Amino acid sequence: MSQSDIETLRTQPVAVFDHLIDGQSVPASDGQRMTVISPLDGRPLTSCARGTIADADAAITAARRAFDDGRWSGLAPAARKKVLLKWADLIEAQALDLAVLGVRENGTEIGMALKAEPLSAAATLRYYAEAIDKLPGEIAPTDPAFLGLVHREPVGVVAAIVPWNFPLMIGAWKFAPALAAGCTMVLKPAETASLTLLRVAQLAVEAGMPPGVFNVVTGAGSVVGARLAESMDVDVLVFTGSGATGRRLLEAAARSNLKRVYLELGGKSPNIIFADAPDLDEAAKVSAQGIFRNSGQVCIAGSRILVERSIHAAFVEKLAAQAAEIRVGDPLDSQTQAGAVNSERQLRQNLEFVAEARAAGRTVIGGARLREETGGYYMAPAIIADAQPDDRVFRDEVFGPVVTVTAFDTEAEAVALANDTTFGLAAAVWTSNLSRAHRMVRKIRAGLVHVNTYGGSDLTVPLGGVKQSGNGHDKSLHAFDKYLDLKTAWVKL
Ligand code: NAD
């Protein structure tokens, strides 16, 4: 990735985008368009189709037809694998173009965007493509007078609704296993991160994906997303986003066809530093990255640091030093470590949390708006050094570069504070005491508990929440559970 390549791509005009339905690029049925605003400078970047209910229905119909006639599910798994691997190659070949396009739309720093978006999507496609012809069914150990066969069958039409923070990575966590399994799909990107998913969908057609198998419809969540959720023809709905939307999706499923709904929601993840952490400097550095990269817009961000009282002051000092070193700036500069906040609305919310903590008399380090002269949405990392459990910033997800630090005295108190949340997505424990590390892993209610690190878990392990952080898992072979049904054949011999 050279800076001059990035500079060339930065200035290229961005084409206007339409939906991809039944293998064709099509505009909204009523011709409406959404302006895409770049968070780098607050200016229009391009436009894409503002989907209607009719557009969502057209995509669902195409996906239903493609599933029912077996043009994809009826292929040998090895044949689907071939298309998916070619698709991965095409994505990888255009990785920098895709990454720069994504950054211009959602503001993530380019270094992270390249790795976490196109390259991660290509790797995810390859992982599930390679796995799908290695998942045999079962013969049950039953009475020999009978034969019990357990088949694995694709669940049918899958709708995916994804957020704006990592559209390709999170999108691929859903479309790669679903398509590998033989399902067909309609995907709805977030309003502020649609372009790369549309371009990747075009590459699927180029790779030989039959029409109707993978459809992308852009537009408002309350229109296109809501229609997918209430459809009688969608069998499974997978979602990453906020808890408020998750609730609506469950209600819509209950009102319609009881489709299965899998939710990956937010978090307020505790990052617990004991005084016996192996290396306090390392803990401070990794903890800073664990909350401030991508401007805190990471579902598993370690947004609540709990620190043993004896090292509270020292740790805050080290954390503040690390935060001060994070280069916030132009996300298309490869030296930048935290780019732009995704939208003006998100920036305003982040700044409100900081102002509220300051007004409540908490010690606030950083948290100012930056680079306002560019028209873009930039913010310095913020540390609320003495947050209390009743503070809104301790309880609610900010989804921005804002971390709270709270002191504790005992292991039991650390567990109680860690679990004092409606969320349960991720956590971390820093300690040299092996027994304590394992005790904490058991006691913390979260889908992912790090020990002496934060973030960076790879595709081989599942990611999913407990409590109000959701249900079901992305990543790993367990992701197939959402897209493959078990069917029993019971045969009298
Ligand atoms: P959001 O819930 O507003 O939007 C997510 C998606 O849902 C978007 O595509 C949006 O258009 C759609 N949507 C909105 N209203 C809808 C409705 N009524 N019906 C159907 N679809 C609708 O969330 P957001 O603000 O875009 O994303 C940030 C949130 O996502 C944060 O809370 C974050 O924690 C969460 N998140 C979770 C994970 C995870 O893996 N658990 C990952 C990334 C983000």
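The chain is numbered in sequence order, starting from 1. Just so it is clear, the model here is predicted, and its values are computed rather than measured. Order of listing sets the numbers, starting from 1, for every ligand and every atom in it.
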- Run the numbers for me: atoms of ligand 1, each under 4.0 Å from some heavy atom of P189, listed by number. 9 (O)
- Which residue holds the protein heavy atom closest to atom 12 (C) of ligand 1, what is that atom called, and what is the gap in Å? I161 CG2, 3.5 Å
- Message: Working to the nearest 0.5 angstrom, can you tell me the gap between H473 NE2 and W173 CH2?
- Response: 12.5 Å
- Closest approach of any protein heavy atom to atom 18 (N) of ligand 1, naming residue and atom: R248 CD, 3.6 Å
- Task: Report yes if some N/O of K188 lies less than 3.5 Å from some N/O of ligand 1; otherwise report no.
- Result: yes
- Message: Please check whether V162 reaches ligand 1 - meaning an N/O of the residue sits under 3.5 Å from an N/O of the ligand, judged on distance alone.
- Response: yes
- Message: Geometry only, no angles: is G221 polar-contacting ligand 1 at N/O separations under 3.5 Å?
- Response: yes
- Could you establish whether F239 and ligand 1 come within less than 4.0 Å of each other, counting only heavy atoms on the residue side? yes
- Could you tell me whether the side chains of T35 and S47 share a donor-acceptor contact shorter than 3.5 Å? no
- With respect to atom 1 (P) of ligand 1, which of A229, S242, G243 exhibits the smallest heavy-atom separation? S242
- Message: For S287 and N271, which I'm curious about, is there any donor-acceptor pair between the side chains at under 3.5 Å?
- Response: yes
- Message: Suppose we measure from atom 33 (C) of ligand 1 to each protein heavy atom; which comes out shortest, and what is that distance?
- Response: F399 CE1, 3.1 Å
- Query: What about W173: any of its N or O atoms under 3.5 Å from an N or O on ligand 1?
  - Reply: no
- Message: Under the side-chain hydrogen bond (donor to acceptor under 3.5 Å, both in side chains) test against R395, which residue among T421, T422, D420 passes?
- Response: D420
- Message: Can you tell me if R247 has over 12 outside heavy atoms packed within less than 6.0 Å of its CZ?
- Response: no
- Sub-4.5 Å side-chain heavy-atom contact between V158 and T184: no
- Task: Give the residue and atom name of whichever protein heavy atom lies nearest to atom 38 (C) of ligand 1, and the separation in Å to one decimal.
- Result: C299 CB, 2.8 Å
- Shortest protein contact, atom 32 (O) of ligand 1 (heavy atom only): E397 OE1, 2.7 Å
- For ligand 1, which atoms sit closer than 4.0 Å to a heavy atom of L265? 37 (C), 38 (C), 39 (C), 41 (N)
- Please identify which atoms of ligand 1 are closer than 4.0 Å to at least one heavy atom of L425. 41 (N)
- Message: Using heavy-atom distances only, which candidate in S194, A301, G241, G447 approaches atom 29 (C) of ligand 1 most closely?
- Response: G241
- Atoms of ligand 1 close to I170 [distance to a heavy atom under 4.0 angstrom, numbered from 1]: 42 (C), 43 (C)
- Query: Tell me, which protein residue and heavy-atom name are nearest atom 43 (C) of ligand 1, and how many Å apart are they?
  - Reply: N165 ND2, 3.1 Å
- Message: Only heavy atoms of T240, strictly under 4.0 Å: list the atoms of ligand 1 that pass.
- Response: 5 (C), 36 (N), 37 (C), 38 (C), 39 (C), 40 (O), 42 (C), 43 (C), 44 (C)
- Query: What residue and heavy atom of the protein are closest to atom 25 (O) of ligand 1, and at what distance?
  - Reply: W164 NE1, 3.3 Å
- Short N/O distance, under 3.5 Å, between E191 and ligand 1? yes
- Item | For G266, atoms of ligand 1 separated by under 4.0 Å from a heavy atom | 34 (O)
- Min side-chain heavy-atom separation F394-R304 under 4.5 Å: yes
- Message: Do R369 and Y378 form a cation-pi contact, if we require the NZ or CZ to be under 6.0 Å from the six-membered ring centre and within 45 degrees of the ring's axis?
- Response: no
- Message: For V328 versus G339, what's the shortest heavy-atom pair and its separation?
- Response: CG1-O, 4.2 Å
- Message: What I want to check is whether the side chains of S231 and K259 have a donor and an acceptor closer together than 3.5 Å.
- Response: no
- Message: I'd like to know if R248 pairs up with E251 as an ion pair, taking the criterion as any Lys NZ or Arg NE/NH1/NH2 lying under 4.0 Å from an Asp or Glu carboxylate oxygen.
- Response: no
- Task: Kindly state whether the ring of W87 and the ring of F214 have centres lying under 6.0 angstrom apart.
- Result: yes
- Ligand-residue contact atoms, ligand 1 with P163, heavy atoms, under 4.0 Å: 27 (O), 43 (C), 44 (C)
- Query: R104 and S38: which non-hydrogen atoms are nearest, and at how many Å?
  - Reply: O-OG, 2.8 Å
- Rounded to the nearest 0.5 angstrom, the OG-NE2 distance for S269 and H450 is 8.5 Å
- Task: Report yes or no: does a heavy atom of L249 sit under 4.0 Å from some atom of ligand 1?
- Result: yes
- Task: Return the residue, atom name and 0.1 Å-rounded distance of the protein heavy atom closest to atom 4 (O) of ligand 1.
- Result: T245 OG1, 4.5 Å
